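Below, all heavy atoms of this structure are taken into account, side chains as well, without hydrogens, waters or symmetry copies. Keep in mind that this is a model prediction, so the values were computed, not measured.
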Amino acid sequence: MAGLIPQQFIDDLLTRIDIIDVIDGYVPLKKAGRNYQALCPFHDEKTPSFTVSQQKQFYHCFGCGANGTAITFLMDYAGLDFVSAIEDLAARAGLEVPHEGGAGPRDNNLTQLYELMELVVSYYSRQLREHPEATHAVAYLKGRGLSGQLAADYELGYAPPGWDGLIRSLGNSEASLSRLAEIGAVIQKESGSGYYDRFRNRIIFPIRDQRGRAIGLGGRVLDDKESPKYLNSPETGIFHKGRELYGLYQAKRTARDVDHLYVVEGYMDVLALAQHGITNCVATLGTAVTSDHLDRLFRTCSQIIFCFDGDSAGQKAAWRALEISLPLLKEGRQVSFIFMPEGQDPDDFVRLAGPKKFRSPAHRVILSEYLFKRLREDIDLASLEGRALLAEKATPFIAKIPPGALQSLLLSDLAKQCQLKEEDLRSMLKGKQPIASPTGQAARQKRPVQGRMPDNPVSKAIRLLLHQPQIPVDSGEIDRLRKLEDPGVGFLVELLDFLKAHQQVNTAAILEHWRDSRYEKRLRELATIENPLMESDSVDDEAFKNEFMDYISDIEATISKDKRRLKTRNIKGWEDFRQLYRRETGDSEDESS
């Protein structure tokens, strides 16, 4: 099918990348014997049950049952689709993803949109450098304290006055105009005939996704009397402002290991802070903070610091951010707030007070402190009624936090403030606990899966091959199995043929080869069951081969026994019994005698 990624490429890719490097970028791993361990990122736990095998290139949680390959991890934890996960891994390996028969229609369309947006970004960037009227834009940026180097780093641009500057440059056909409209760079006239530029007489801020692809634009007026002050690209096939963050790509590019990120309200705040050396700063795109925003931020770092104006609007935005954050506060994640002095935004504050003061933790309000401060407003804790009211108001918020240390400490703090027993608050909490609604493959595996031994020789043989794909199995032995003509052995033969043709594959490549097949679930289950031979450093390939040959013998014996059991049901006399005995023992005597 056109557009599909060749399976051979996926097989090769999984031999080039290391799952340890992939997962450790999201979840810190620690060496534990042969494998690596961590607290499971798919459920809350206090002791590590999440294990990653470097040899098998496979992860498995003994607590919730989540398991899979590097591809599965990027899909279930990082929220990527299958193709995006392949592209992510390919980029790490320095490979370009091929497509059978070329990209499919939808892939082609998206590729063209990304490429066109790059041309649009280049056009506006060039206007800032070359257009005769760009002096007004340059003067504005200099007046805000921004350097030419920063403008280059963030690819700032200029949309000249006029209705068709971009159209004259890139809209040389009806098809190209339609594409420009599809990415939101131009607008079709209400009459339906003709188009005009969306951005005019504005500073342009290119928006890139976390992979660095140009996906949209923001524009700020040069004259504050004009409206709207800020204008963003509309929702398109490549731009979803409820998920994207301005500056995240630059923040990750500037610092490889980002341990905290500041979230501000606008483009100019990001640029002003970056000008003062604070490059770990992002902004939402004209929307309130969403859970998608926070999920993306927490995948980058463990600490998020929201920066809001100190007015009522800033307080309202901060409270909304707090509510969105609560369900995402897994172990180790932190949220805090900085409120600007009245009449100041982060741009003003950093210019007046300096970057050192902005970075100082003394100006931050941690989430728990802000939560209780807001909830205690207008409550008299000297009265029984007031303490009861605080308990009633606070427990629904604490219930949203995943069980763990933070939830326990908040309950303990609340118990002291309300002069209640923690046990009583926990009883209240149970009645307000939100119902979890997990999604994705990991969620479907929430039930604990206990490792159990395979219950038949075919499963045992498949498990051994999953753990040790390089077992030297002769073609003759494969043919020996093939002759059994038993449905239960069919997949084992198929697996052996695959391993014979792909001699360097690992466990992950086997699992990915049969992704979305009827065998996938059983293969992943077998991959989680350890083989005792793997625990010994002295075991060689011959030992694995001997064990595998024992399984072949067991398979033959089991099939023979099953066939005999079926045939005995049809025995009507001694002659039938003698005929069965001859066949089972291989007697060559003429059956008619």
Side-chain angles (χ1 to χ4, degrees), residues 113 116-171 177 179-190 194-209 214-236 238-239 241 244-247 249-250 264-275 281-287 345-347:
L113 296 184
L116 180 57
M117 185 58 79
E118 289 289 352
L119 295 177
V120 172
V121 168
S122 296
Y123 166 79
Y124 285 126
S125 179
R126 189 168 63 252
Q127 302 313 301
L128 183 62
R129 298 191 306 270
E130 301 175 0
H131 197 278
E133 296 188 51
T135 52
H136 302 293
V138 173
Y140 174 84
L141 294 172
K142 286 183 177 179
R144 296 295 297 264
L146 305 183
S147 67
Q149 183 60 54
L150 188 78
D153 291 343
Y154 283 80
E155 302 171 282
L156 301 187
Y158 171 59
W163 297 88
D164 61 354
L166 180 65
I167 289 173
R168 283 187 285 107
S169 177
L170 299 177
L177 285 169
R179 290 286 187 189
L180 287 170
E182 196 171 352
I183 61 174
V186 303
I187 301 173
Q188 189 169 22
K189 294 178 180 179
E190 292 184 6
Y195 298 84
Y196 59 92
D197 291 357
R198 178 181 295 275
F199 299 96
R200 303 177 304 280
N201 199 30
R202 290 175 181 267
I203 300 290
I204 296 296
F205 307 91
I207 302 164
R208 294 189 177 275
D209 64 14
I215 55 175
L217 303 168
R220 190 198 190 283
V221 296
L222 292 171
D223 184 352
D224 287 348
K225 294 179 182 179
E226 295 184 34
S227 182
K229 185 176 179 180
Y230 284 97
L231 181 65
N232 291 320
S233 293
E235 294 280 316
T236 69
I238 59 174
F239 179 55
K241 57 186 176 183
E244 303 299 338
L245 293 144
Y246 180 69
Y249 169 68
Q250 288 85 352
V264 295
E265 294 185 84
Y267 304 107
M268 291 304 302
D269 293 325
V270 171
L271 297 173
L273 292 172
Q275 186 64 61
C281 187
V282 300
T284 57
L285 303 171
T287 67
D345 57 20
D347 182 3

Quick one: closest heavy-atom pair of Glu235 and Lys241, and the distance?
OE2-N, 2.9 Å
Keeping the roles fixed (side chain from Asp197, backbone from Ala185), state whether a donor-acceptor pair exists under 3.5 Å.
no
Arg126 vs Tyr158, side-chain hydrogen bond (donor to acceptor under 3.5 Å, both in side chains): CA-CA, chis, key distance, verdict:
CA-CA 8 Å; Arg126 189 168 63 252; Tyr158 171 59; over 6 Å; no
With rounding to the nearest 0.5 angstrom, report the CD1 to OG distance, Ile204 to Ser125.
11.0 Å
According to the interplanar angle, ranging from 0 to 90°, do the rings of Tyr154 and Tyr246 count as parallel (below 30°), tilted (30 to 60°) or perpendicular (above 60°)?
tilted
If the plane angle is over 60° it's perpendicular, under 30° parallel, otherwise tilted; pick one for Phe199 and Tyr124.
perpendicular
Please find the pair of heavy atoms, one from Val221 and one from Glu226, that lie closest to each other, and give the distance.
CG1-CB, 3.9 Å
Output yes when a side-chain donor or acceptor of Ser227 lies under 3.5 Å from a complementary backbone atom of Lys229, and no otherwise.
no
In residues 162-170, what donor-acceptor pairs under 3.5 Å come from side-chain atoms, sequence neighbours left out?
unit_1	atom_1	unit_2	atom_2	d
Asp164	OD1	Arg168	NE	3.3

Nearest heavy-atom contact between Leu128 and Ala134 is O-CB, 3.5 Å
Side-chain donor or acceptor of Arg200 paired with backbone N/O of Pro161 under 3.5 Å:
no
Give a yes or no answer on whether the side chain of Gln127 reaches the backbone of Pro160 with a donor-acceptor pair at less than 3.5 Å.
no
